[in-house]
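Beneath this line is the structure, given in structure tokens, with notes to follow.
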2 protein chains.
Amino acid sequence: MGRTKEFDPDAALRAAMDLFWRQGYEATSMQDLCEHLGLGRGSVYGAFGGKRELFLMAVRRYVEDSRESLLARLSTSGSALDAVRGLVRDYAETALQEAGRKGCLLTNTAVELPADEEAQRHVESGLETMEVLLTATLMRAKAEGELSEDRDPVVLARFLVTLLQGIRVVGKTPVRQRFLDDTVDQALALLA
Amino acid sequence: MGRTKEFDPDAALRAAMDLFWRQGYEATSMQDLCEHLGLGRGSVYGAFGGKRELFLMAVRRYVEDSRESLLARLSTSGSALDAVRGLVRDYAETALQEAGRKGCLLTNTAVELPADEEAQRHVESGLETMEVLLTATLMRAKAEGELSEDRDPVVLARFLVTLLQGIRVVGKTPVRQRFLDDTVDQALALLA
DNA sequence: CTTTTATTGGACCGATCGTTAAAGAATGTG
DNA sequence: CACATTCTTTAACGATCGGTCCAATAAAAG
């Protein structure tokens, strides 16, 4: 019953995610969002509730997307340790390109909205996902003898998550070109 | 000639720095600032120009303050490597306390205003300062035989700056308690 | 068909944004 | 003293903020 939606809520959410990702929460207005989604205000409020609700849904969607892409990247048939190495390198490489300015939506949210408990729960969920997937991959590396017996995959995974956050920050600054290659070199030294 | 200022511009700038640090740029209004500084709007605009100008001055001040405090911390008479280790530990420890929510003004600015070239120049200046001071200290450690000959102080310094940015990000999230100790452990393993 | 329900686009709301203007108060100069 | 200059205070500006309301529209239900 009732009139059918003329837009794809899923695509709209992804577009909103992109805009929040690029501009941040405070710097993105409902007018920005409506124009970028190609929707009237009524449609946006009707489908998503309001700015904050839309933002939270966008972050949640980001966490889910990230989990999928990370899972795919780490589930290689080859060397587990190489997969982790590749991930670190890709983070730095992405940061060096134009996408570096966007950074990571989790990083951005952690920094911009530290007092928003709901937003931080989503950030927590995203970082934990990274921790879990990295830990599993490092355990696989250890089982295959790529990582020495005395290394703790959990400790290493948490370290890597923190470092990746740093890479996303530095990737937004003018020092990125100078810093990130060296950062990756040192990090890879820890993955041997 | 003319009426004398009734407030200390230096103290006011520091108060503004605190507020921007805690709340971010967009989330801090001129009204917030006026109340927090105990000044009328006219005084603030007369002394600092406007919101953006005040913010940029605050960031510059932060860079200067950081340089002084970092220099003092690394200029120990004892072990150079211990000084660096203590710095990393202190970063994590600070992040675990209430101050962790504020994070680092450079980190916050890098993330929130990546498109503001002037702000990013100040961030660049701050990160370069960290790089230089850390490099010098690591060179001292190398000269004193605390660091093996094949280690590059510059590479290591840049890695540490990136990692410290990551610590400031993670320190703003609910995972801080679980992640930061392990992060520090791994980082210290690289300083041996 | 009519009725009901839901979506749409845009006018509109009060609140707040950063900024400016102007009048009064305090200081230095002649 | 008068005068020029600077700072303080406050009212007010236009613009924009997030959010609401509503008439028009479209589709499902009877």
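Every chain is numbered from 1 and lettered A, B, ... according to where its sequence line falls, protein lines coming before strand lines. Bear in mind that the values here come from a model prediction, so they are computed numbers and not experimental data.
- Among the heavy atoms of the strands lying under 4.0 Å from Ser43(B) is at least one base atom, whether or not backbone atoms are also near.
- Residues Glu128(B) and Arg67(B) are not paired through a salt bridge, judged by the lack of any N-O separation under 4.0 Å between the basic side chain and the carboxylate.
- Chain B approaches DNA chain D within less than 4.0 angstrom (heavy atoms of the protein), and the contacting nucleotides run 5' to 3' from dT5(D) to dA11(D).
- Aromatic ring pairs are classed by plane angle as parallel below 30°, tilted from 30° to 60° and perpendicular above 60°; the pair Phe48(B) and Phe7(B) is tilted.
- For the pair Tyr25(B) OH and dC17(C) P, the interatomic distance rounds to 13 Å; values are reported in whole Å.
- Distance, Leu33(B) CG to dC17(C) P: 11 Å, rounded to whole Å.
- For the atom pair Cys104(B) SG and Tyr62(B) OH, the distance stands at 3.5 Å (nearest 0.5 Å).
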Would you tabulate the side-chain donor-acceptor contacts of residues 180-189 of chain B under 3.5 Å, counting partners in other chains and residues two or more places apart, or write 'none'?
unit_1, atom_1, unit_2, atom_2, d
Asp182(B), OD2, Arg158(A), NH1, 2.8
Thr183(B), OG1, Thr162(A), OG1, 2.8
Thr183(B), OG1, Phe179(B), O, 2.9

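- Partners of Ser148(B) by side chain to side chain contact (heavy atoms under 4.5 Å, CB included), not counting sequence neighbours, listed by chain and number: Asp150(B), Arg151(B).
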Going through the checks in order, is the side chain to side chain contact (heavy atoms under 4.5 Å, CB included) test met by His122(B) and Met57(B)? CA-CA 10 Å; His122(B) 291 166; Met57(B) 290 187 213; over 6 Å; no

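- Of all non-hydrogen atoms in Lys5(A) and Ala47(A), the two that sit nearest each other are CE-CB, 4.0 Å.
- By the ring pair (Phe, Tyr, Trp, His ring centres under 6.0 Å) test, Phe55(B) is found to be paired with Phe20(B), Tyr25(B), residues two or more places apart in sequence or in another chain being considered.
- Taking both residues in full, the closest heavy atoms of Leu164(B) and Val88(B) are given as CD2-CA, 4.3 Å, listed atom of the first, atom of the second, then distance.
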Pairwise N/O distances under 3.5 Å, protein to nucleotides 10-13 of chain C:
none

Protein-nucleotides 25-29 of chain C N/O pairs closer than 3.5 Å?
unit_1, atom_1, unit_2, atom_2, d
dA25(C), N3, Arg3(B), NH1, 3.1
dA26(C), O4', Arg3(B), NE, 3.4
dT27(C), O2, Gly2(B), N, 3.4

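- For Gln31(B) and dC17(C), the shortest distance from a side-chain N or O to OP1 or OP2 is below 4.0 Å.
- Atom CZ in Phe48(A) sits roughly 10 Å away from atom P in dT8(C) (whole-Å rounding).
- Closest approach of Leu105(B) to Ala58(B), counting heavy atoms only: CD2-O, 4.3 Å.
- Between the side chains of Gln120(B) and Thr173(A), not a single donor N or O lies within less than 3.5 Å of an accepting N or O.
- Between Tyr45(A) and Gly46(B), the residue whose closest nucleotide on DNA chain D is further toward the 5' end is Gly46(B).
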